[in-house]
There are 2 protein chains.
Amino acid sequence: MRRDIFQAIADPTRRAIITLIALQAMTPNALAEHFDTTRQAVSKHLRILTECELIKQEHKGREIYYQLEIDKMKEIDKWIEQFRKIWETRFNQLDDLLSTIKKQKK
Amino acid sequence: MRRDIFQAIADPTRRAIITLIALQAMTPNALAEHFDTTRQAVSKHLRILTECELIKQEHKGREIYYQLEIDKMKEIDKWIEQFRKIWETRFNQLDDLLSTIKKQKK
DNA sequence: TATATGTGCAACTTTTCGGTTGCGCAAATA
DNA sequence: TATTTGCGCAACCGAAAAGTTGCACATATA
């Protein structure tokens, strides 16, 4: 099974899970209430997210609280960074262009 | 067919395509040379990327140059932003803690 | 101790995905 | 005009994904 973060966040339910537990750790049952699927399906998503270390478990009696491994999210941010550089450069170029026009007006 | 950006960037080949054409617009044939698949397979990826408006075509004779719609990439960045806020907050909290410890030492 | 609850795991099914092959079409070239 | 080249599209195939159902197991609770 190929498991990487990008494949993990491809599924909308998994993205919703990530957003939910980003605020506070939650149990599978609590999470399942938010979706129109079975608890087992949610559990499966949690396993996938755990496998690529996007979330981690915290056992509390018979309950298992899942919480976000925020640092792992940085890996996605790292990939986006190369593009952020591009759009920031373009923005600056536009900025330069605008100020050049401004100067010409004077 | 459900097509969203996150599903689009889930595939490693598609991510590579995006990175390649971010630098300069390319034709399907030119792109295919970079991968160990057929031109048709690449073409299929290009169609998916086009469908979710991550790339756009520019016809030049019988050749089609594909180029990145950099603005669309911002949507991914937008999703990441909520988590960036979290890790920046935590970083600042750690920073506060460290300076508190420093003060106590004095 | 018997029962209820919270959970993960395995088996199975249906859908989706990524790839190949074969085709047709338009533009360039001989 | 005949041929080559660049391309998209449709049909098909195997693998993987996402969901359901049924089960086992540990921890609470009566």
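Proteins come first, then strands; the chains are lettered A, B, ... in the order of their sequence lines, and each starts at number 1.
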Once you round it to whole Å, what is the distance between [atom2] of [N] and [atom1] of [X]?
X     : N      : atom1 : atom2 : answer
B/L46 : C/dG19 : CG    : P     : 12 Å
A/Q7  : D/dA18 : CD    : C1'   : 11 Å
A/Y65 : D/dT27 : OH    : C1'   : 14 Å
B/L49 : C/dC17 : CG    : P     : 13 Å
A/I48 : D/dA17 : CD1   : C1'   : 8 Å
A/R3  : D/dA16 : CZ    : P     : 11 Å
B/I55 : D/dG8  : CD1   : P     : 9 Å
A/Q57 : D/dA26 : CD    : P     : 16 Å

Considering only side-chain heavy atoms of [X], which listed nucleotide, [options], is closest?
X     : options                : value
A/A41 : C/dG19, D/dT20, C/dG18 : D/dT20
A/T37 : D/dG8, C/dT20, D/dT20  : D/dT20
A/I64 : C/dG18, C/dG19, C/dT7  : C/dT7
A/Y66 : C/dG8, D/dC7, C/dT20   : C/dG8

| Can you tell me how far the CH2 atom of A/W79 sits from the CD1 atom of A/I5, to the nearest 0.5 Å? |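 If I round to the nearest 0.5 Å, the distance is 12.0 Å.
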Starting from the 5' end of DNA chain C, give me the residue, B/G61 or B/K44, whose nearest nucleotide shows up first.
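By nearest-heavy-atom nucleotide position, the 5'-most residue is B/K44.
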- Item | Earlier contact from the 5' end, DNA chain C, for A/Q40 and A/E63 |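 Here A/E63 is the residue nearer the 5' end.
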Examine the base of C/dT7 for any acceptor or donor lying under 3.5 Å from a partner atom in the side chain of A/R62, and report the outcome as yes or no.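 No such pair is found, so the answer is no.
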Within the modelled atom types, does a donor on one side and an acceptor on the other bring the side chain of B/R14 and the base of C/dG18 under 3.5 Å apart?
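When only heavy-atom distances are counted, B/R14 does not reach the base of C/dG18 through any donor-acceptor pair under 3.5 Å.
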### Query
Of A/T38 and B/T27, whose closest DNA chain D nucleotide lies nearer the 5' terminus?
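The residue mapped nearer the 5' terminus is B/T27.
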*Of A/K60 and A/H45, the one whose closest DNA chain D nucleotide lies more 5'*: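 In this pair, the answer is A/H45.
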The test is side chain to side chain contact (heavy atoms under 4.5 Å, CB included); show your working for A/I18 and B/F83 and say whether it passes.
CA-CA 10 Å; A/I18 290 172; B/F83 305 106; 3.5 Å; yes
Side-chain N,O ([X]) to OP1/OP2 ([N]) below 4.0 Å:
X     : N     : value
A/S43 : C/dC9 : no
B/N29 : D/dC7 : yes
B/R47 : D/dC7 : no

Close side-chain approach of B/R15 to A/D4, heavy-atom, < 4.5 Å |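 Yes, at least one pair of side-chain atoms sits under 4.5 Å.
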Exercise for review: For the residue pair A/L20 and A/F35, establish whether any side-chain heavy-atom pair is separated by less than 4.5 Å.
Suggested key: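 Yes, their side chains come closer than 4.5 Å.
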Open item on the list: Please determine whether residues B/I48 and B/M26 belong to a single hydrophobic cluster, defined as Ile, Leu, Val, Met, Phe, Trp and Tyr linked transitively by side-chain heavy-atom distances below 4.5 Å.
Closed with: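 Different hydrophobic clusters.
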In a check of side-chain hydrogen bond (donor to acceptor under 3.5 Å, both in side chains) between B/H59 and each of B/E63, B/R62, B/Q57, which one passes?
->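 So, applying the side-chain hydrogen bond (donor to acceptor under 3.5 Å, both in side chains) to B/H59 and each of B/E63, B/R62, B/Q57, only B/Q57 qualifies.
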